[in-house]
Each structure stands twice: as structure tokens, then as C-alpha cells.
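See structure below.
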Amino acid sequence: MKIAVVGASGMTGSRVVTEAVARGHHVTAVFRGDPAEPPHPDVDVVRGDATDVDHMTAVLAGADAIVGATRPAPGAEDTVAATITALLDAAAGTRVLVVGGAGPLRSPSGGLVIDDPAFVPVAWRTIASASTTQLQACEAHAGDWVYLSPPAMLEPGIRTGGYRRGATTILTAADGSSRISAEDFAIAIVDELENPGRDRHFTVGY
């Protein structure tokens with residue numbers, strides 16, 4: 001497949017690039033600036049801003065699938081709706097897997113995760129709220145998209161090769177934790193690109 005990863009410098013995007021290349025896919029990595037270090041030699045590196053629809057339309061032309069792994073800078077959380085809308089516009093009907101947040105998932109205790117302090121401490125509420133807005137922007141767009149919510153904790157770790165796929169309720173382990181390594185999250189993303197499911201919004205976790 002020809003896969004374009006927008007936000008390739010981030011924790012998730014960089015790992016999706018690595019995972020996709022390891023599986024033999026052709027990857028175009030889109031960076032807003034110059035990458036801190038060159039990615040895999042088989043990766044095409046392109047500079048681009050997700051909000052620049054004309055430029056991104058050209059960059060994404062010919063891709064079989066697109067991963068939107070952009071994340072707002074602290075204090076710019078109110079830009080998420082415009083950013084994802086622009087990216088979906090530029091995708092021109094090509095499927096976009098949107099790397100979202102856990103905020104819009106259902107909590108096991110009822111209600112949304114965004115309102116459950118067991119999963120979203122006060123310090124995380126702003127970015128979690130942004131993910132809810134991001135999903136709403138996707139739902140308002142006629143493009144071909146799928147929204148993947150991570151569990152409560154997503155951080156660098158070990159590639160175990162294992163994960164569970166859920167629906168729209170946050171997944172928890174036996175000890176009550178909700179987490180996955182960024183490496184295994186990337187596996188779930190590329191799995192979805194290779195074998196698309198029917199869900200427009202789903203989550204994964206251990």
C-alpha cells in the first residue's frame with residue numbers, strides 16, 4: 001500500500017512510519033518542519049501543514065490510505081476541528097485513519113471518559129475535550145474516515161505485538177488500568193489500514 005502519515009514526527013506518527021515500512025508498505029511521511037533525524041531510507045519525506053488544503057491535496061494524491069496523527073500544541077487545542085476538516089478535505093475521498101483521543105469514549109461507569117476523573121485527571125481535560133471536538137468534526141464531514149481512540153495511557157514502550165480491539169467503550173485491564181504502548185498502538189493502526197473494519201469509531205488497549 002501507499003500510506004501517507006501526516007504528523008510523522010510525533011510519538012504515534014513516527015511509530016506508524018516504522019511499522020508500515022517494516023511490513024513493506026510505501027510510506028510518505030509528512031512533517032511540518034524538518035525531521036529531527038531522517039526516517040527510514042525508503043520513506044519519502046515531505047514538508048506540509050495539514051491546514052494547507054491545496055498543498056496537502058497534491059501531497060496526498062495517489063495514497064491508498066492516510067493516517068492523521070497531528071496533535072495540537074499546548075494552548076492551541078481549539079484548532080483541532082479546523083485541522084481535521086482541512087485534512088479530510090485534502091484527502092479527497094481517500095480513507096483517513098484519524099488518531100484521536102480517549103475523551104469521546106464511553107466510561108464503564110456510564111457517561112463519557114472526558115467526564116470520568118478515573119481516566120481523565122483535571123490536567124488532561126483540555127486535550128481530552130479537544131478530542132471530543134475532533135470526533136464531532138469528523139462526524140460532520142462527508143469524507144471517508146475512521147476514528148481510533150487510544151486508551152487512557154498511551155506512551156512509548158515495548159512492541160509486544162498484542163492488543164485488544166474494542167468498540168466505543170474504553171478498554172481496561174484486570175487491574176483497572178487502561179493503556180497501550182505507542183509501538184503496539186502503531187500495530188493496531190497498520191492492521192486497520194490493511195484490513196479495514198466496519199466501525200467508524202473504535203478503541204484498542206491491553
Side-chain angles (χ1 to χ4, degrees), residues 1-17 19-20 25 27-32 48-53 56-57 59-60 63-73 76-106 112-114 127-152 154 163 165-171 180 182 184-205:
M1 294 176 66
K2 294 181 180 178
I3 300 172
V5 181
V6 183
S9 63
M11 176 180 66
T12 297
S14 61
R15 286 161 175 80
V16 171
V17 170
E19 181 68 26
H25 298 296
V27 177
T28 296
V30 183
F31 294 81
R32 288 192 66 178
D49 186 321
T51 62
D52 186 342
V53 177
M56 291 303 296
T57 297
V59 169
L60 301 176
D64 298 310
I66 300 160
V67 177
T70 61
R71 183 178 176 88
E77 289 84 2
D78 61 348
T79 64
V80 294
T83 298
I84 194 58
T85 297
L87 181 58
L88 291 172
D89 287 346
T94 300
R95 168 158 282 205
V96 179
L97 187 150
V98 181
V99 178
L105 291 171
R106 305 295 300 182
L112 297 178
V113 164
I114 180 65
I127 188 63
S129 179
S131 66
T132 302
T133 301
Q134 184 186 44
L135 176 58
Q136 291 170 343
C138 289
E139 292 172 335
H141 199 284
D144 187 2
W145 54 268
V146 57
Y147 192 93
L148 175 53
S149 285
L154 173 64
Y163 66 90
R165 181 183 175 119
T168 56
T169 297
I170 197 166
L171 293 176
I180 194 170
D184 285 337
F185 193 54
I187 292 176
I189 290 170
V190 180
D191 283 351
E192 174 67 18
L193 299 182
E194 292 178 342
N195 297 291
R198 296 182 178 180
D199 302 315
R200 280 214 121 176
H201 180 201
F202 71 101
T203 188
V204 296

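Here E19 contributes atom CD and I3 contributes atom CD1; the two are 10.0 Å apart, rounded to the nearest 0.5 Å. To the nearest 0.5 Å, atoms OG1 (T57) and CG (L87) are separated by 9.5 Å. Remark: L88 CG to C138 SG distance equals 5.5 Å, nearest 0.5 Å. Between the OG1 atom of T70 and the CD1 atom of I84 there is a distance of 6.0 Å, given to the nearest 0.5 Å. Atom NZ of K2 sits about 8.5 Å away from atom OG1 of T28, to the nearest 0.5 Å.
In this structure the side chain of L148 reaches within 4.5 angstrom of the side chain of F185, judged on heavy atoms. V6 is listed as a side-chain neighbour of L60, based on a closest heavy-atom distance under 4.5 Å. For the pair L154 and I180, the minimum side-chain heavy-atom distance is below 4.5 Å. Looking at heavy atoms from C-beta onward, R71 lies in side-chain contact with I127 at the 4.5 angstrom threshold. In this structure, the side chains of L171 and P151 stay at 4.5 Å or more apart for every pair of heavy atoms. With a 4.5 Å cut-off on side-chain heavy atoms, T168 and F202 do not count as touching. Taking 4.5 Å as the limit, every side-chain heavy atom of I66 sits out of range of all side-chain heavy atoms of W145.
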What pairs of donor and acceptor atoms, side-chain ones from residues 89-106 against any protein atom, are under 3.5 angstrom apart with sequence neighbours left out?
| unit_1 | atom_1 | unit_2 | atom_2 | d |
| --- | --- | --- | --- | --- |
| D89 | OD1 | H141 | NE2 | 2.6 |
| T94 | OG1 | A91 | O | 3.3 |
| R95 | NE | D144 | OD1 | 3.1 |
| R95 | NH2 | D144 | OD1 | 3.2 |

**CA sep, side-chain torsions, deciding dist, call: R32, D49, salt bridge (Lys or Arg N to Asp or Glu O under 4.0 Å)** = CA-CA 5 Å; R32 288 192 66 178; D49 186 321; 3.2 Å; yes

**Asked** Would Y147 and E139 count as a side chain to side chain donor-acceptor pair (under 3.5 Å) if you check the C-alpha gap in whole Å, the side-chain angles of each, and the deciding distance to 0.1 Å?
**Response** CA-CA 10 Å; Y147 192 93; E139 292 172 335; over 6 Å; no

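Taking the salt bridge (Lys or Arg N to Asp or Glu O under 4.0 Å) definition, one finds that D191 meets it with R23, sequence neighbours left out. Every salt bridge (Lys or Arg N to Asp or Glu O under 4.0 Å) that R165 has, sequence neighbours left out, goes to E192, D199.
Counting only distance, with no hydrogens or angles, the side chain of T203 and the backbone of S149 share a donor-acceptor pair below 3.5 Å.
Of all the heavy atoms in I114 and A128, the pair that sits closest is CD1-CB, 3.4 Å. Heavy atoms only, all atoms of each residue included: M1 and H25 are closest at N-ND1, 3.2 Å.
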